Structures are given as structure tokens and as C-alpha cells.
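Have a look at the structure below before the remarks.
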Amino acid sequence: MADLRAALEEAGFKSVQTHLQSGNVVLESRAKPETVARKVEQLIAERFGLEIAVVVRSRDELAKIVKGNPLGKVAKNPKRHQVTFLSAELAREVVERLESLPVRGEELVVDGREVYAWHPAGGSRSRLWDELAGKRLGVTATSRNCTPVEALLLLAEE
């Protein structure tokens, strides 16, 4: 993560911070989020030889995601409470497929470019968990449990 931080700073990004070894980065830029995503993807490919899809949210968007979490009162264990960040809104048929998957008390809310999921029994046997982690969503996606999402917001607000 130190190499990634240094590469981002060399590329002109400001206040670059990484969260643990998670691949999550908080940085400052005046560019649009889509532009930041493209630049970071290109930098990672050139510098590290990795093809990594990047999903970007502004500090205000991240605050809205954390504070407006529709499952915040239902989900009791943050490790089983997941937010999936999407590069674009899901197609209606993908949303319908996802909505058919929750079992054993699982809950799902699709809200714009985020999908909130609560897996009270954990993710090991969850078809919903697997689907959110897979490549069949039709858009670039990355999922995090709520603990690092909240930590990233704290970093962004510093």
C-alpha cells in the first residue's frame, strides 16, 4: 500500500491515505470521480502491471451512503452487513434477479449505485453474497462490509 500511496502522490493526487491492506484509498482531487477512476486504473496498470477496476465515490457521496444506510437499524453485525459500490445503476432485470435471492433473514436494498445487503447467517452459504461478489452484475462492482466503509468516511473527513 505504501507503493500505491507513493504512485498516487507522484501522479498529482493530494492527501493520499490508504486503509489497512484493503485496496481502499482516500485522496483529494478536483477531477470528476469518473476521471479519477480512469487515472487510477491506468496508473495501477502501468506501475504495477495489474488490471484493476476502480470505483470512486466523493466524500459527500460516501457520507450519504453511511448516514443513509437503509439497513443500518436491521444489521447488527457490521461484518455481515455489506455495501456494494457500483460504477453505474443496475439494469432492472439484474435488480429483479438479486431481489429473488435473499434467504434465511437476508435483506437487500438497491439504491442507485449502491446495493446494501444484510446476511445474518454470514456469507459462506449465501447465494446473494456470491452474486454480489461475482461478475454477472453487468457493471463494475466492489463490495465491502460496513466497518471499512465507515473507516473510510472517517479518513475522508479528516
Side-chain angles (χ1 to χ4, degrees), residues 1 4 8 16-27 29 31-45 48 50-157:
M1 294 300 281
L4 176 59
L8 290 166
V16 179
Q17 301 175 73
T18 55
H19 179 63
L20 305 172
Q21 295 293 324
S22 64
N24 294 303
V25 176
V26 172
L27 55 78
S29 175
K32 292 181 179 180
E34 301 80 23
T35 303
V36 172
R38 281 194 309 277
K39 284 184 173 183
V40 173
E41 287 172 349
Q42 183 178 9
L43 179 138
I44 291 171
F48 303 104
L50 301 170
E51 295 292 324
I52 304 288
V54 174
V55 178
V56 175
R57 293 296 184 267
S58 70
R59 178 183 54 229
D60 290 345
E61 288 172 322
L62 192 58
K64 182 181 173 196
I65 290 163
V66 170
K67 291 173 176 51
N69 185 339
L71 299 179
K73 292 185 179 178
V74 175
K76 304 299 181 206
N77 181 342
K79 292 182 179 180
R80 295 180 177 183
H81 185 192
Q82 172 184 33
V83 180
T84 301
F85 299 90
L86 309 168
S87 60
E89 290 189 19
L90 296 172
R92 183 75 224 147
E93 60 271 10
V94 174
V95 173
E96 290 170 0
R97 185 175 74 241
L98 291 174
E99 289 173 342
S100 74
L101 295 175
V103 296
R104 297 187 313 274
E106 288 182 315
E107 293 194 37
L108 171 81
V109 174
V110 178
D111 183 15
R113 295 183 305 145
E114 279 72 45
V115 178
Y116 301 86
W118 165 234
H119 310 279
S124 64
R125 293 189 184 106
S126 170
R127 288 178 49 220
L128 176 59
W129 185 293
D130 290 344
E131 192 71 19
L132 290 171
K135 306 247 185 247
R136 296 178 5 134
L137 298 177
V139 299
T140 300
T142 184
S143 297
R144 300 289 184 270
N145 73 46
C146 285
T147 301
V149 173
E150 291 170 2
L152 288 168
L153 178 59
L154 290 175
L155 281 177
E157 291 178 335

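For clarity, every value in this text was computed on a predicted model and none was experimentally measured. The residues of the chain are indexed from 1 along the displayed sequence.
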Hey, could you give me the [atom1]/[atom2] distance between [X] and [Y], rounded to the nearest 0.5 Å?
| X | Y | atom1 | atom2 | value |
| --- | --- | --- | --- | --- |
| S143 | L137 | OG | CG | 8.0 Å |
| I52 | T140 | CD1 | OG1 | 11.5 Å |
| T84 | E114 | OG1 | CD | 9.5 Å |
| S58 | K64 | OG | NZ | 10.0 Å |
| T18 | L155 | OG1 | CG | 8.5 Å |
| R38 | L43 | CZ | CG | 14.5 Å |

- Could you walk me through whether R57 and L152 pass the side chain to side chain contact (heavy atoms under 4.5 Å, CB included) check? CA-CA 11 Å; R57 293 296 184 267; L152 288 168; over 6 Å; no

Closest heavy-atom contact between [X] and [Y]?
| X | Y | value |
| --- | --- | --- |
| N145 | P78 | CB-O, 3.2 Å |
| V54 | E41 | N-OE2, 2.8 Å |
| L98 | P102 | O-CD, 3.2 Å |
| G23 | M1 | N-CE, 3.6 Å |
| G123 | D130 | O-OD1, 4.5 Å |

- Task: Return yes if some donor-acceptor pair links the side-chain N/O of K73 with the main-chain N/O of P70 below 3.5 Å, else return no.
- Result: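 Side chain of K73 to backbone of P70, a donor-acceptor pair under 3.5 Å: no, none is there.
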
Are any non-hydrogen side-chain atoms of [X] and [Y] less than 4.5 angstrom apart?
| X | Y | answer |
| --- | --- | --- |
| V94 | V139 | no |
| F85 | R113 | no |
| V36 | L27 | yes |

All N/O donor-acceptor pairs, side-chain side in residues 104-111, below 3.5 Å, sequence neighbours left out:
{"residue": "E106", "atom": "OE1", "partner": "V103", "partner atom": "N", "Å": "3.0"}
{"residue": "E106", "atom": "OE2", "partner": "H119", "partner atom": "ND1", "Å": "2.7"}
{"residue": "E106", "atom": "OE2", "partner": "S126", "partner atom": "OG", "Å": "2.4"}

- Message: Test: salt bridge (Lys or Arg N to Asp or Glu O under 4.0 Å). Region: residues 90-100. Which pairs qualify, not counting sequence neighbours?
- Response: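 Every salt bridge (Lys or Arg N to Asp or Glu O under 4.0 Å) pair that includes a residue of residues 90-100, provided the two are not neighbours, is R92-E96, R92-E99, R97-E131.
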
- Would the number of heavy atoms belonging to other residues, nucleotides or ligands and lying under 6.0 Å from CD of E51 be above 12?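 Incorrect, the count does not exceed 12.
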
- Task: Given side chain to side chain contact (heavy atoms under 4.5 Å, CB included), test V40 with V56 step by step and report yes or no.
- Result: CA-CA 10 Å; V40 173; V56 175; 5.9 Å; no

